[in-house]
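Structure record follows, encoded as structure tokens.
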4 protein chains.
Amino acid sequence: MSPRTEEQYEEIRHEKRVLIMNTALELFAMHGYENTTISQIAKKAGISKGLLYNYFESKEYLLEAILNKGMDEVLEIFDPNKDGVLETYEMEFFINEIFKTVEKNRVFWRLYMAISLQPSVFKLVEKRIEELYEPMMQLMLGYFKNAGSANPFMDAIIFNSLLDGITLDYILKPDIFPIEDIKKELIHRFCIHKKTVS
Amino acid sequence: MSPRTEEQYEEIRHEKRVLIMNTALELFAMHGYENTTISQIAKKAGISKGLLYNYFESKEYLLEAILNKGMDEVLEIFDPNKDGVLETYEMEFFINEIFKTVEKNRVFWRLYMAISLQPSVFKLVEKRIEELYEPMMQLMLGYFKNAGSANPFMDAIIFNSLLDGITLDYILKPDIFPIEDIKKELIHRFCIHKKTVS
Amino acid sequence: MSPRTEEQYEEIRHEKRVLIMNTALELFAMHGYENTTISQIAKKAGISKGLLYNYFESKEYLLEAILNKGMDEVLEIFDPNKDGVLETYEMEFFINEIFKTVEKNRVFWRLYMAISLQPSVFKLVEKRIEELYEPMMQLMLGYFKNAGSANPFMDAIIFNSLLDGITLDYILKPDIFPIEDIKKELIHRFCIHKKTVS
Amino acid sequence: MSPRTEEQYEEIRHEKRVLIMNTALELFAMHGYENTTISQIAKKAGISKGLLYNYFESKEYLLEAILNKGMDEVLEIFDPNKDGVLETYEMEFFINEIFKTVEKNRVFWRLYMAISLQPSVFKLVEKRIEELYEPMMQLMLGYFKNAGSANPFMDAIIFNSLLDGITLDYILKPDIFPIEDIKKELIHRFCIHKKTVS
DNA sequence: GATGAATGAGCTTTCATTCAT
DNA sequence: TATGAATGAAAGCTCATTCAT
């Protein structure tokens, strides 16, 4: 056996980081950030407390890393059309993407929302939230303008709130919330084919 | 000097209870339940820690009392139509009531939502939530049926999610969220006046 | 109704003192001195905490008063023969008296023994204990000498320990400890009629 | 540096546990369970409060561990003759063993008796007490029967009470109680040598 | 890199005692 | 005399973080 290469070590480090972050995310989302102890995370991840501090400077930095990673993943959706306008025919794809993200990262969203509701921790996500909401609003604004809305600003805000509400309700009751039906309904209601804005 | 009468004691007790609950609600909502210490509450309320425990058995019971009181106030909205159906012409009144409640109890809703997102504390509100959502859904279901909706169940869920999303966004950014405009828009969109029901 | 006389007030004060002391004794003996709160005592006695402090300067003084009163009652047994010698024919009477006291003041003895075992509170009873044991030992010593014992000192100590052990066991399991039979047995064993020391 | 081996940790843990238990036993016995604070124990043991909780879940569990360990040690005396009968010639050995235990574990016995006298804490030792008294009584019963006693049950109870009383008096005044002489006297009185059994 | 024993600041909670009425 | 609201010191306990190995 030859000693591990620099890259292998790097790989191991990266995998452990991900392990810790995923473990912590689950616990944070389930019991809340304050109710989760470093011991619990270390135990569930199968490592020692000391090692955890080898990867993350503090509990708060760990949380920050988790939130940033989650936000990065979410923000990728907006990349394709980053500086463009959402054409009406793209709306269906967009809604699908959003729902896919929400369903895939349910646990992250729960944590994210809980944190958002806590002003004293909110600073950790405040900046990233702007990165999310600003392009989102621009996209929607452009879309509704394009679709000939009488009040595109109002339409955008309401659509945005509706998505937030759906996400919230889905997170709170994932087992009984009919997320697939809701998605279809949204597509049906908001994806205007051709020029027939009702 | 003779001791205070029972009524005087009752008065004192009631006022202090309210003072403590209001103070705690604000702090809980602002910094989160776990991040708020009994010391902070006592200090802000201008009383000693010991006295607080004279009124509430524990920090958790204090939270429970706050949540229950808030839920009681919110549930009063449903009283007028408790076992009836929401007639189409009543929808405007109903939306107005909901928005009034949300605006008036902004702080409570923030706490309430934060708690709901934390499964381990969720048990405190679980039962009360059912008291809120069940009649709400029935009311909406009846309303949309009455209004001739093709899919009243879907309409009810979406309307409900929309309200949740609006509440959430308003709570997170009360200063910039155009709550009044949104309310008008909702009334405009969802209040079907008798003659126009097809 | 004429105002109460000075004596009547004094009478009321005395009765209330006794009420508080008896209530406290029971609680102290049942749950221990440290585990009993002033609130509990006041509540069980049907008075306010403030009033209790009107009668007793502190919790410790209350305990002291209880212990002293109990000791006084116990010490009365020794009065009849205080400076005399226990004649052999008086032993039966004496044992009867001791058992009567133990049975009557079971609760007091429990407290008294518990306190004795706690050096830091022991100072409260230390002096009174000497008042009890010293004459007791003298009495026994005289008795066994009188009865022609080969080692009256040893006999006295052992007899004393036996009484202590009986008291302890009776206190710990009053329902199953055959106190009456034991008493008869003691009388049978230690009351030497005439000169037939076995 | 590589981390300590499992054995090293085990060693450390065991030694600390013993240190804490011995320190706590002494303080509990001296000042009483309720009057002893965790801080005092930690300080006297030369460790932090936090560490103590690393080893014992709570103050009560610490007490329980102490009582159980003490009882285990005491119960070992009964092992040799566990299911047998105490032959008359073994009585001397048995009395010697009992006195040895009492003298060696004086501090434990003080705590044990104090706890026994406090019904609300009694549950901690209730079960263990039965383990002690039941075989003790059986042994004594067998012994006195064997020795031709007219009332072996009474003899057993009285002998038991005598031992309890001696233990109590010795604990209360170890410096002046003539425990060695008493032991000899007991052996003299209760060890019936085969030939002299009438 | 990896361990978990060890720390200590800070939390919730209790309760003897005081005091305005 | 009598009340119970109010205090505050001190208790038990938790947990993020450190560090010797």
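Order of the sequence lines sets the chain letters (A, B, ...), proteins ahead of strands, with each chain counted from 1. Only this structure's heavy atoms are used, side chains among them; waters, hydrogens and symmetry mates stay out. Keep in mind that what you see is a predicted model, and the values were worked out from it rather than measured.
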Between [options], spot the one nearest the side chain of [X], thanks.
{"X": "C/Ser58", "options": "E/dT17, E/dT7, F/dA6", "result": "E/dT17"}
{"X": "B/Lys59", "options": "E/dA5, E/dG4, E/dT13", "result": "E/dT13"}
{"X": "C/Tyr53", "options": "E/dT17, F/dC13, F/dT21", "result": "E/dT17"}

Next item on the list: Could you check which residues of residues 18-39 of chain B get a heavy atom under 4.0 Å from DNA chain F? Sort them by number, please.
Entry: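 Here the set is empty: none.
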Item checked: Heavy-atom pair of closest approach, residues B/Met21 and B/Phe56 ->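 Minimum heavy-atom separation between B/Met21 and B/Phe56: CG-CZ, 3.4 Å.
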Item checked: Identified side chain to side chain contact (heavy atoms under 4.5 Å, CB included) partner of C/Phe28 from the options C/Thr23, C/Ile115, C/Ile41 ->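 Per the side chain to side chain contact (heavy atoms under 4.5 Å, CB included) rule, the option paired with C/Phe28 is C/Ile41, out of C/Thr23, C/Ile115, C/Ile41.
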Notebook entry, point to check: On DNA chain E, nearest-nucleotide positions of B/Leu51 versus D/Ile47: which is more 5'?
Noted result: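 It is D/Ile47, whose closest nucleotide lies nearer the 5' terminus.
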Checklist line | Most 5' of B/Gly50 and A/Tyr55 on DNA chain E, judged by nearest nucleotide | finding: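 Per heavy-atom nearest nucleotide, the more 5' residue is A/Tyr55.
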Next item on the list: Report which part of the nucleic acid C/Lys43 touches: base, sugar-phosphate, or nothing (heavy-atom distance under 4.0 Å, all strands).
Entry: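 It contacts nothing in the nucleic acid.
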Item checked: Interatomic distance, A/Ile12 CD1 vs E/dG1 C1' [rounded to whole Å] ->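 In whole Å, E/dG1 C1' and A/Ile12 CD1 are 10 Å from each other.
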Next item on the list: To the nearest 10°, let me know how far the axis at one end of the helix from E/dA2-F/dT21 to E/dT21-F/dA2 is tilted from the axis at the other, five pairs an end.
Entry: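 Inter-axis angle at the termini of the helix from E/dA2-F/dT21 to E/dT21-F/dA2: 10°.
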Margin query: Both B/Ser48 and D/Glu60 contact DNA chain F. Which one's nearest nucleotide lies toward the 5' end?
Written below: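 Mapping each residue to its closest nucleotide by heavy atoms, the 5'-most match is B/Ser48.
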Note to self: Check this for me: does the side-chain of A/Lys49 come within 3.5 Å of the base of F/dT17 through a donor and an acceptor?
What the structure shows: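 Donor-acceptor pair under 3.5 Å: yes.
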